Amino acid sequence: MAASAASILHADLDAFYASVEQLLDPSLRGRPVAVGGGVVLAASYEAKAFGVSAGMAGWRARSLCPDLVFASGHFSEYQRLGDEFTEVMKDFTPDVERISIDEAFMDVTGSVHLFGSPEVIAESLRRRVRTELGLPVSVGVARTKHLAKVASQVAKPDGLVVVEPDRESQFLSPLPVGLIWGVGPATKARLAAQGVHTIGQLAAIEKKSLQAVVGKAAGAKLSDLASNLDPRRVQSGRRAVSVGAQSAMGRRPATVDAAAVTVDYLADRIATRLRKAGRAGRTISVRIRFLELRSVSRALTLRHAVATTKAISETALELIGVALAENPTEREITLVGLSVSRLVDEPPIQLVLPFAPSPGRLRAATAAEDLRRALDDSMDDLRRRFGRSAVGYAAVALGDVSRVPDEFRALAEHDPEG
DNA sequence: TCTGGGGTCCTAGGACCC
DNA sequence: TCTGGGGTCCTAGGACCC
């Protein structure tokens, strides 16, 4: 059940990475700025005015905006300011749900007697983020998460929009369907084919006929959102469902050997994060991208959850072998991705149980995993004390297989309590 | 000269069990 | 004597989000 008053806030830092660059280097203020190089990771509003947007190839952005300044990413500053942003919100309520580094929901139902109305809280939040962090932030205030999110998008840049409960339909009706969370290019095209362009038009359609167009679950969700039925609550401390990593590799021959160094690197990153979070996973998935963006995936669910680098990399390499054998006409690969899911919590200390009542092979396997775990734990410890590059598996330490800095990768991690 | 990296959720079909 | 239905788990692929 959603609260009956408009007490959910969605706060979204404006053009976050680009704004940080403008904060750090005053000469960039007022100028079109892009963060990234080969790909635009973020564009300042001055750059957006030229049509530059996140995800765009760098050469294309430059051609749209010849005066575009490319700023090298200050990744650790993004992390720090993103964390501080969350801390400011937590000064108003513990009920904060972080969506990404620059975006979060908060439910201030229990805070109004301390800090004033939701609108007043939103104004205080914006003021504090501006003065203490030096960053512009847009905030939407509404009765549901969906409405608050749409409101913050409408408020951009650097604005505040409050949707009162009696104005919800009026507010949503003229807006394009693309503003709805979950409507991307594919859904938008299907809706457009039905002559549906605004949320008002969407709300007028029967749920059943909508489901026929976009599928059962998506249709039901879309229908509810368009009609202001959104039962989702703000959830602080959500746990990750999967942990993964991927790496674009240029063009490599489609062989297990060519992928092995990258797989070791990715497995090391994933396993380290799992152990740090005290978690382990049963399902190992791999994704391979071939030329022309065709990609395939393979997955295997193990009997026991694992969190060691070796267990993940070995399984991943076997799966890659299968995937390559089943796609013999593909001669080159351009990306390898790994992911571990079906996560479980792990006790902080793993006990080796020599008399565990398991059949021979299984016992041998778990004993081997225990040994690997002991090795990984001591490696984690060395890295904590002497730095990440101090020690590692040979292949991982040798090859500089990643073209993206680890600090950047970390920005996108969704582990709220990681 | 083709777009990086880390995530969530849904669907369809098969295996297997009752 | 070959056919019903439901549930769970798993895999592969796709859409979407930041």
Side-chain angles (χ1 to χ4, degrees), chain A residues 10 12-13 15-17 35-42 53-63 73 75 78 82 98-105 146 149 152-153 177-191 211 214-222 232 235 238-251 262 265-266 269-270 273 282-289 291-303 319 322-323 326-327 334-343 402-416 418:
Chain A
H10 181 261
D12 200 338
L13 293 165
F16 179 46
Y17 299 166
V35 175
V39 170
V40 175
L41 301 170
S53 63
M56 183 176 280
W59 61 268
R60 178 129 187 266
R62 230 180 286 263
S63 75
F75 300 124
Y78 306 160
R98 201 172 179 180
I99 300 300
S100 69
I101 188 160
D102 60 355
E103 187 184 336
F105 287 102
H146 177 245
K149 166 103 177 160
S152 74
Q153 305 313 299
V177 290
L179 281 183
I180 294 180
W181 196 93
V183 174
T187 305
K188 201 153 71 178
R190 285 189 191 180
L191 292 174
Q211 287 174 315
V214 300
K216 197 174 161 204
K221 201 169 85 179
L222 221 55
R232 294 172 303 162
Q235 287 181 291
R238 283 184 62 173
R239 317 267 344 240
V241 171
S242 67
V243 174
Q246 64 180 50
S247 191
M249 313 196 315
R251 293 172 61 161
T262 301
Y265 165 78
L266 297 173
R269 267 194 64 77
I270 294 168
R273 287 177 57 201
R282 284 182 57 209
T283 302
I284 317 291
S285 308
V286 301
R287 188 165 77 95
I288 301 173
R289 200 171 70 197
L291 288 180
E292 291 166 4
L293 297 186
R294 190 177 93 88
S295 70
V296 299
S297 60
R298 292 292 182 274
L300 181 67
T301 298
L302 307 170
R303 202 179 319 211
L319 289 168
V322 171
E326 289 175 0
N327 290 273
T334 61
L335 175 144
V336 170
L338 268 57
S339 172
V340 177
S341 54
R342 286 169 173 83
L343 302 183
S402 175
R403 39 181 60 188
V404 176
D406 287 356
E407 297 78 24
F408 173 69
R409 293 172 177 269
L411 293 179
E413 292 172 6
H414 279 22
D415 236 342

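Model, not experiment: these values are computed from the prediction. Only this structure's heavy atoms are used, side chains among them; waters, hydrogens and symmetry mates stay out.
In this structure, A:R251 places its CZ atom where only 12 or fewer heavy-atom neighbours from other residues, nucleotides or ligands lie under 6.0 Å away. Counting heavy-atom neighbours within 6.0 Å of A:R60 CZ, excluding the residue itself, gives a total of 12 or less.
Across all strands, A:L291 comes closer than 4.0 Å to no nucleic acid atom at all (heavy-atom distances). In this structure, A:R289 reaches the sugar-phosphate backbone alone: every heavy-atom distance under 4.0 Å involves primed, P, OP1 or OP2 atoms, never a base. Nucleic acid contact for A:L411: none, since no nucleic acid atom lies under 4.0 Å from a heavy atom of the residue. If you check every strand for non-hydrogen atoms under 4.0 Å, A:Q246 touches a base. Counting any heavy atom pair closer than 4.0 Å across all strands shown, A:K221 reaches no nucleic acid atom. A:R282 comes within contact range of the sugar-phosphate backbone alone, with a heavy-atom separation under 4.0 Å but no base atom that close. Here A:V183 lies in heavy-atom contact (under 4.0 Å) with sugar-phosphate atoms only. Heavy atoms of A:R298 sit under 4.0 angstrom from primed sugar atoms or phosphate atoms, though from no base atom. Using a 4.0 Å heavy-atom distance criterion, A:T187 is classed as a sugar-phosphate-only contact. Residue-level contact check: A:G244 touches the backbone only, with heavy atoms under 4.0 Å from sugar-phosphate atoms and none from bases.
We find that CG of A:D102 is positioned 17 Å from P of B:dG6, with the value rounded to whole Å. As rounded to whole Å, 11 Å separates atom P of C:dA12 from atom CG of A:N327. The OH atom of A:Y17 sits 11 Å away from the C1' atom of B:dG4 (whole-angstrom rounding). When rounded to the nearest whole Å, the span between NE2 of A:H10 and C1' of C:dC18 equals 10 Å. If you take CG of A:L293 and C1' of B:dC2, they are 8 Å apart, rounded to a whole angstrom. Summarising the geometry, the separation between CZ on A:R287 and P on B:dG6 is reported as 11 Å, rounded to the nearest angstrom. For A:L335 and B:dC2, the CG to C1' distance is 14 Å, given to the nearest whole Å. The interatomic distance linking A:L266 (CG) with B:dG5 (P) rounds to 9 Å, in whole Å.
Place A:A217 and A:V39 on DNA chain B by their nearest nucleotides, and A:V39 ends up nearer the 5' end. Ranked by how close their nearest DNA chain B nucleotide is to the 5' end, A:R269 and A:G58 are led by A:G58.
Note on A:S100: every side-chain N or O is 4.0 Å or more away from OP1 and OP2 of C:dC17. Here A:T301 reaches the OP1 or OP2 of C:dT11: one of its side-chain N or O atoms lies under 4.0 Å away.
Among C:dA15, B:dG4, B:dT3, the nucleotide with an atom closest to any side-chain atom of A:A186 is C:dA15. Set against B:dG5, C:dC18, C:dG13, the side chain of A:R409 has B:dG5 as its closest nucleotide. Picking from B:dG5, C:dG13, C:dT11 the nucleotide with the shortest atom distance to the side chain of A:L300 gives C:dT11. Comparing C:dT11, C:dC18, B:dG6 by their closest approach to the side chain of A:A245 singles out B:dG6. The A:K216 side chain lies nearest to B:dT11 when the options are B:dT11, C:dG13, C:dT11. Considering only side-chain atoms of A:A299, the nucleotide from B:dG5, B:dT8, C:dA12 that sits closest is C:dA12. Checking C:dC16, C:dG13, C:dC10 against every side-chain atom of A:P185, the shortest atom distance belongs to C:dC16. In the set C:dT11, B:dT8, C:dC18, C:dC18 carries the atom at the smallest distance from any side-chain atom of A:K149. Of the candidate nucleotides C:dT11, B:dT8, C:dC18, B:dT8 has the atom nearest to the side chain of A:A240. With distances taken from any side-chain atom of A:W59 to the nucleotides C:dC18, C:dC10, B:dT3, the minimum falls on B:dT3.
Taking the side chain as every heavy atom from C-beta outward, A:H146 and A:K221 never approach each other to under 4.5 Å.
Of the possible donor and acceptor atoms, one in the side chain of A:R409 sits under 3.5 Å from a partner among the backbone N and O of A:Q246. For the pair A:T301 (side chain) and A:R282 (backbone), a donor-acceptor distance under 3.5 Å is absent.
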Quiz prompt | Chi angles and distances behind the side-chain contact (heavy atoms from CB on, under 4.5 Å) call for A:L222, A:T187 | solution = CA-CA 10 Å; A:L222 221 55; A:T187 305; 4.1 Å; yes
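Smallest separation of non-hydrogen atoms from A:Y78 and A:L411: CD1-CD1, 3.6 Å.
The partner of B:dC18, taking Watson-Crick or G-U wobble pairs whose two distances both stay under 3.5 Å, is C:dG5.
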